[in-house]
Amino acid sequence: MAIGVDIEDISRFKDKSDEFIRRIFTDLEQEYCYRFSKPESHFAVRFCAKEAVIKALTALKVKGIQLNEIEIFHNEDKCPQIRILKPLDKKINFQLSLSHDRSKAIAFVTAEEQ
């Protein structure tokens with residue numbers, strides 16, 4: 001099992017360029033975040049999740065995954081989930097926890113090879 005964690009200042013994601021948003025976040029993620037009056041909180045926590053995924057994958061010796069190849073979404077129970085958008089050589093089970101307040105966003109990921 002491997003873990004990854006990342007924390008960011010939400011203010012870093014306020015008024016980001018469309019180019020930045022499109023380069024990092026999938027269409028599904030953008031659609032989700034822009035539903036809220038303060039999308040920067042939701043972009044920040046998803047960015048944290050992507051960084052945490054990369055850290056966990058690196059510990060499992062999986063490299064070469066880009067931020068835009070990781071998608072954070074919610075299942076039918078509204079629990080955050082991770083989807084890797086490119087084939088991996090290994091089957092990996094992820095667990096994800098997201099949190100944010102007024103100024104900080106944090107994500108914690110576990111990754112376990114199946």
Min side-chain heavy-atom separation [X]-[Y] under 4.5 Å:
X	Y	result
V5	I106	yes
I10	S41	yes
I21	Q30	yes

Rounded distance (nearest 0.5 Å) linking atom [atom1] of [X] with atom [atom2] of [Y]:
X	Y	atom1	atom2	answer
Q114	K91	CD	NZ	6.5 Å
E113	N93	CD	CG	11.5 Å
K86	N68	NZ	CG	10.0 Å
L28	L85	CG	CG	9.5 Å
E112	I3	CD	CD1	13.0 Å

Return all side-chain donor-acceptor pairs below 3.5 angstrom for residues 58-67, not counting sequence neighbours, or 'none' if the list is empty.
| from | atom 1 | to | atom 2 | distance (Å) |
| --- | --- | --- | --- | --- |
| T58 | OG1 | I54 | O | 2.7 |

So salt bridge (Lys or Arg N to Asp or Glu O under 4.0 Å) across residues 41-54, not counting sequence neighbours, yields E29-K50

query = Should the heavy atoms of other residues, nucleotides or ligands under 6.0 Å from CG of D89 be counted, would the total exceed 12?
reply = no

Here the side-chain hydrogen bond (donor to acceptor under 3.5 Å, both in side chains) pairs for residues 1-21, sequence neighbours left out, are D6-K55, E8-R12, D9-K104

Is there a path of hydrophobic side-chain contacts, each under 4.5 Å between heavy atoms, that joins [X] and [Y]?
X	Y	result
L88	I82	yes
I7	L98	no
I84	V109	yes
Y32	V53	no

Is the ring pair Y34/F43 parallel, tilted or perpendicular, if the boundaries are 30 and 60 degrees?
perpendicular

Quick one: ring-ring contact (aromatic ring centres under 6.0 Å, His included) partners of F13, sequence neighbours excluded?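 By the ring-ring contact (aromatic ring centres under 6.0 Å, His included) rule, F13 matches F47.
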
Across all chains, not counting sequence neighbours, the ring-ring contact (aromatic ring centres under 6.0 Å, His included) partners of F20 are none

Shortest non-hydrogen contact from A107 to A52?
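Looking at all heavy atoms of both residues, the shortest contact is O-CB, 4.0 Å.
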
Closest non-hydrogen contact found for A56 with G4 is CB-N, 4.0 Å

*Does K38 have any salt bridge (Lys or Arg N to Asp or Glu O under 4.0 Å) partners at least two apart in sequence or in another chain, and if so, which?*
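With neighbours one apart ignored, the set is empty.
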
(message) side chain to side chain contact (heavy atoms under 4.5 Å, CB included), that's the test. Do I72 and F25 meet it? Break it down for me.
(response) CA-CA 9 Å; I72 308 305; F25 301 99; over 6 Å; no

### Task
Decide whether T110 and Q95 meet the rule of one side-chain donor and one side-chain acceptor closer than 3.5 Å.
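Side-chain D/A pair, T110 to Q95: absent.
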
I'd like to know if the side chain of N75 and the backbone of D77 have a donor-acceptor N/O pair within less than 3.5 Å. yes

